[in-house]
Visitor: 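Here it is, the structure in full.
One-based numbering along the sequence shown.
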Amino acid sequence: MPVHAPRSFTVQWGSESVLVSNVEPELPVATADADLAKVVEAGRTNPVTLLPEAAWQAVARATTSPDGVAVQLRPTATDPAGLLMVENVDGATLHSVVTRVHLSEMLPGIQPRTGMEVMEIPDPQVQGITDADRPCAIVRYRYQDPTHLRNHVWQTIHGTLSLNSYAPSILARKVTRNLITHPVEITFEDGTESFHALVVRDGITRLASAWAVLAGPDADAAEAAGLAVDSLFGKNTAAQGGSPLGQRLAASREKWRRTLREEFTQGIAEEQPGTRTAQIAQTSVLPAQIAVGAEGHPGHLLAAEDIFDDAIRSVLASVHVEFKQWDTAAQNVEVATRALKRVIQLGDSLVPKDDLQIVYGLAVGRIPVEELPRVFAGDTGSEPPGTALWRSVYLVHALTRPELLEPLKDQAKAIKGGKRMGLKGFAELLGPLIDLPWRSYKKHVTTQARNAWNNGGVLTSDVIQEWEPRPTDDFTSLVKPALAGDTDARCTLAVAGGVALIADKLLTRNVGSALMAAKEKGGVPFRADVNQVVEDLSQQHNELGLWTLALAADRFRSDALPENAVTMRQLIHKQRTEGEPGTPYVHFKVDLDNPDRIERDADGVPVMLHQWDVVWASNPERALKAHPLKTPLVPHPSGPVTNPAQGAAGTGSPGADGSTTHGAGGDDTDTGTSAPPTDPNGPHAVHRPASQRAAEHRQVLRQSITGARDSLDQLLLLEPEVGNHTPIVPVNVLDELHTLLIGLQTDVENLRRKATREETVPEDEEAPEEAGV
C-alpha cells in the first residue's frame with residue numbers, strides 16, 4: 001500500500017482542461033539485480049515456460065514488480081505450473097504473467113493489418129524459436145541493420161497516431177487495458193550484435209498514444225515517434241562498448257527513466273502539479289500480460305517453431321476479427337448511461353439523487369412507459385400520459401436541464417476520451433435513448449433518425465434552458481398558449497413534435513443532394529441543421545410551424561411507421577399485412593385557413609406532409625427567397641424597366657446553403673458590388689461593370705481549380721513512396737476537402753443549369769417553375 005493516497009488534479013491539454021485521476025505519489029525505482037535474478041530463476045524452473053535466459057532478463061527489466069512476477073511463476077501445491085494466466089486457442093495453450101511494465105521497455109511489434117500493405121519500411125523477417133522440439137514463447141525479428149529497426153519503430157508509432165490516438169483519455173486515467181506482449185530476439189543481417197526485448201502485439205494504439213501524451217499536447221505524430229525511438233534506443237543504437245548491446249540499451253533506458261523520475265519528484269511536490277508532471281505519471285507504467293509459455297495440443301499440424309506465433313495471432317484475431325464490434329448507437333447508449341451513472345455516484349449534482357435514479361431508470365428502460373404518470377405526477381395532480389412520446393419529452397427535459405447538462409457532457413467527454421463535446425455531440429448520445437420504445441417498429445428509418453440526432457435533434461436554444469413540460473392529451477391545445485408566449489408550451493411542442501418528425505423521417509439531416517431532390521423524394525427548400533429547423537418551427541410568431549409540430553405529435557404512433565416515411569410499395573404492403581389494424585398512419589400538411597388545420601386538394605383529400613413542407617414551415621421567408629413564387633409574364637413597357645421583383649421571375653436558383661444565386665445586377669456576394677443604376681449615391685465612374693469583374697473571378701476560379709488538380713497529382717505521385725502505413729492525406733483533411741468540393745460542385749451545377757435553361761427558353765415563353773412551390 002502506498003504511504004500517500006493517489007492524487008487527482010486538473011491540467012491544461014491544448015485548449016482543453018483535463019481532470020487527471022489516480023496519480024501515484026512516486027514512480028517505480030530501478031530494479032535491483034537480486035530482484036532480477038528472482039524472476040530469471042523462477043522462470044527457468046517453471047515446467048510450462050520455455051525462454052532463453054536473456055529473454056527472462058528482458059521480462060525482469062520490463063516489469064515494475066519483479067517479486068509479483070516471481071510469485072506467479074513459482075509452482076504451488078495444487079498447480080505445478082504456478083499462478084500463470086492460461087489461454088486456450090486453436091491448437092495451443094498460452095501461459096502468461098500479468099504485471100505492470102515500463103513504457104520505455106516496450107517495442108511496437110508487427111501488426112497483422114500491415115501484412116497485406118505495401119510499407120515504406122518493410123517488416124522484419126519473423127522466425128519461431130524451439131528448444132528440443134518444444135516451442136519457445138518467443139520469436140526472432142531479423143532486421144537489415146539498426147537503422148532499419150529505428151525506422152520501422154518510427155513508422156509504426158507515426159502511422160498508428162496518424163490514424164487514431166487515445167492521448168486525452170490516457171492523460172485522464174492512464175492505460176487501463178492490458179497490452180498483449182511477448183519476448184522477441186532482435187537480430188541484424190549486417191552482423192550487428194543481437195539483443196532481447198519485449199514487443200507489443202495488441203494495444204499498439206495505446207502504446208503509441210502513451211508516447212503522444214509524453215511528447216506533449218503540441219507535438220504531432222512525427223515528434224511523438226521520434227521521442228519513442230530516441231528513448232528506446234538512444235542516439236546511437238550500435239554504440240560500441242565493453243558490455244553486450246542489450247545491456248547498453250537497458251542502461252540507456254534506465255538513465256532516461258531516472259531523469260523522468262527526478263523531474264516528476266519535483267513536479268509532484270508542488271501544491272498544484274503541472275501538465276508535465278501528469279504526462280510522466282500517466283504514461284511511465286502500463287498494464288500488460290506477457291506470454292512466457294506455449295504448449296501445442298496433441299495432434300496439432302503446425303511445426304514446433306510456428307506454434308507460438310500462430311497462437312499469438314489467434315489471440316489477436318479473437319480481439320479484432322471474431323468478436324463483433326459495437327455499432328455507434330450502442331457506444332452512444334453506453335457513454336450516455338455511464339455518464340449519468342457517474343453523475344449520480346459523484347453526488348455533486350444540483351438534481352436530487354432520487355430524481356436522477358428515476359431518469360436513469362427511464363433512460364435504460366428499467367421504468368416502463370406505463371409508469372410515466374406515476375413517477376412524474378405533479379404537485380397539482382397533472383400527470384403526463386403514459387405514452388412513448390411523452391417518455392421522450394420528459395427524458396429530453398431531464399437530461400438537458402442547465403444544472404445537469406454540463407456535468408453530463410463533462411462525464412461523457414471523459415468516457416469518450418477527453419475530446420470536446422458540443423451540443424450536437426450530446427444530442428447524438430440521446431438519439432438511441434429516445435427511440436428505445438419504437439426502435440423495432442421504425443427500423444426502416446432508424447439510420448436517418450439517428451443522423452438527425454447527430455445533427456442536433458431537438459436541442460434548441462430554448463429547450464436547453466429552464467422550462468417545464470405541459471402534460472396534455474391533445475398537443476394542439478398548446479398552440480394557443482405558445483402563440484401567446486408560453487415558453488413551457490413552446491418547448492413541449494418543440495420536443496414532442498420534433499421527436500415525432502425525426503422518428504417518422506419527416507425531418508432528417510439534409511445534405512447537399514437534398515436540395516436537388518424532388519419534394520416527394522425527401523427534397524428540402526434550403527439547408528439547415530435539424531435543431532435549427534425545430535427551433536424555427538417553435539418560435540412564438542410562427543403559427544404554421546407550431547401547428548406542424550402539434551399535429552405531428554398528435555398523430556405520432558410508436559407501434560408503426562407512417563406512409564409518409566415509406567417510399568417503397570412493398571414496405572407499405574408488408575406493414576399492412578403484419579396485422580396492424582385501424583386507420584392508415586399518415587401525417588398531413590398544415591393549412592391555417594381550414595378549421596382542422598389540415599390542407600386538402602381540389603377533391604377534398606388531405607395532402608400528405610413531406611420534409612419539404614416541414615422545412616418550409618420553419619422559415620417561409622427564407623424558403624421564398626430560395627424558391628420565389630412564379631409571377632406571370634407581362635409585356636415590357638417601352639423605356640427603362642424598374643422591376644422590384646426581378647428575382648421572382650425564375651432567375652434565381654438555390655445554392656448549397658439555401659440562398660439564391662442571382663444573375664447580373666444581383667451579385668450581392670462580391671465585396672466590390674457596384675451600386676444599382678437607380679442609386680444616386682453610386683458614381684459609376686469609379687466602379688467597373690460587374691461583367692468585367694465577373695470575368696476576372698472566372699479566371700481566378702479556373703486557375704485555382706487547376707492548381708488544386710496539380711497538387712492532387714503530386715500527392716498521388718508521392719503516395720507509393722510513403723506507403724500504406726499512414727495516409728498521404730489524413731482522413732480529417734480529406735473530409736474537409738470533400739465537403740468543400742461538394743459545395744463547389746453544387747454551386748457550379750446550379751450555375752450550369754441556370755445558364756442552360758436561359759439559353760434554351762425563348763424570350764416569349766415562361767421558364768419552368770421551381771419544384772416544390
Visitor: I'd like to know if E254 and R257 make a salt bridge, using a cut-off of under 4.0 Å between side-chain N and carboxylate O.
Guide: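 So E254 pairs with R257 through a salt bridge.
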Visitor: Could you pull out the closest heavy-atom pair between I129 and V139, with the gap in Å?
Guide: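 Answer, listing the atom of I129 first, then V139: CD1-C, 4.2 Å.
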Visitor: Is R201 salt-bridged to D309, cutoff N-O under 4.0 Å?
Guide: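 Salt bridge present between R201 and D309.
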Visitor: State whether a side-chain donor-acceptor pair under 3.5 Å links R173 with S169.
Guide: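 Checked: R173/S169 side chains pair up, N/O donor to acceptor below 3.5 Å.
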Visitor: Name all residues meeting the ring-ring contact (aromatic ring centres under 6.0 Å, His included) criterion together with H95; count only those two or more places apart in sequence or in a different chain, and write none if there are none.
Guide: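 Per chain and number, H95 pairs via ring-ring contact (aromatic ring centres under 6.0 Å, His included) with no residue.
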Visitor: Quick test of your reading of the model: are K38 and D35 salt-bridged, counting only N-O distances below 4.0 Å?
Guide: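 Between D35 and K38 there is a salt bridge, with a charged N closer than 4.0 Å to a carboxylate O.
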Visitor: Holding to ring-ring contact (aromatic ring centres under 6.0 Å, His included), I want the full list of residues that pass it with Y143, two or more places apart in sequence or in another chain.
Guide: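 Applying ring-ring contact (aromatic ring centres under 6.0 Å, His included) to Y143 gives H148, H152.
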Visitor: Please report the C-alpha distance between D435 and K443 in whole Å, then the side-chain angles of each, then the deciding distance to 0.1 Å, and finally whether the salt bridge (charged side-chain N to carboxylate O under 4.0 Å, His left out) criterion is met.
Guide: CA-CA 10 Å; D435 66 16; K443 59 184 178 182; over 6 Å; no
Visitor: Can you tell me how far the CG atom of L103 sits from the CH2 atom of W211, to the nearest 0.5 Å?
Guide: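 Spacing of CG (L103) from CH2 (W211) equals 4.5 Å.
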Visitor: In terms of the angle between their ring planes, are F188 and F195 parallel, tilted or perpendicular, with boundaries placed at 30° and 60°?
Guide: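 Correct class here is tilted.
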Visitor: So, taking the atom named CG in D123 and the one named OH in Y141, what distance separates them when rounded to the nearest 0.5 Å?
Guide: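 The CG atom of D123 sits 8.0 Å away from the OH atom of Y141.
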Visitor: Test V101 against every option in T64, I290, V285, T181 by the side chain to side chain contact (heavy atoms under 4.5 Å, CB included) rule and name the one that passes.
Guide: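 Filter result, single survivor: I290.
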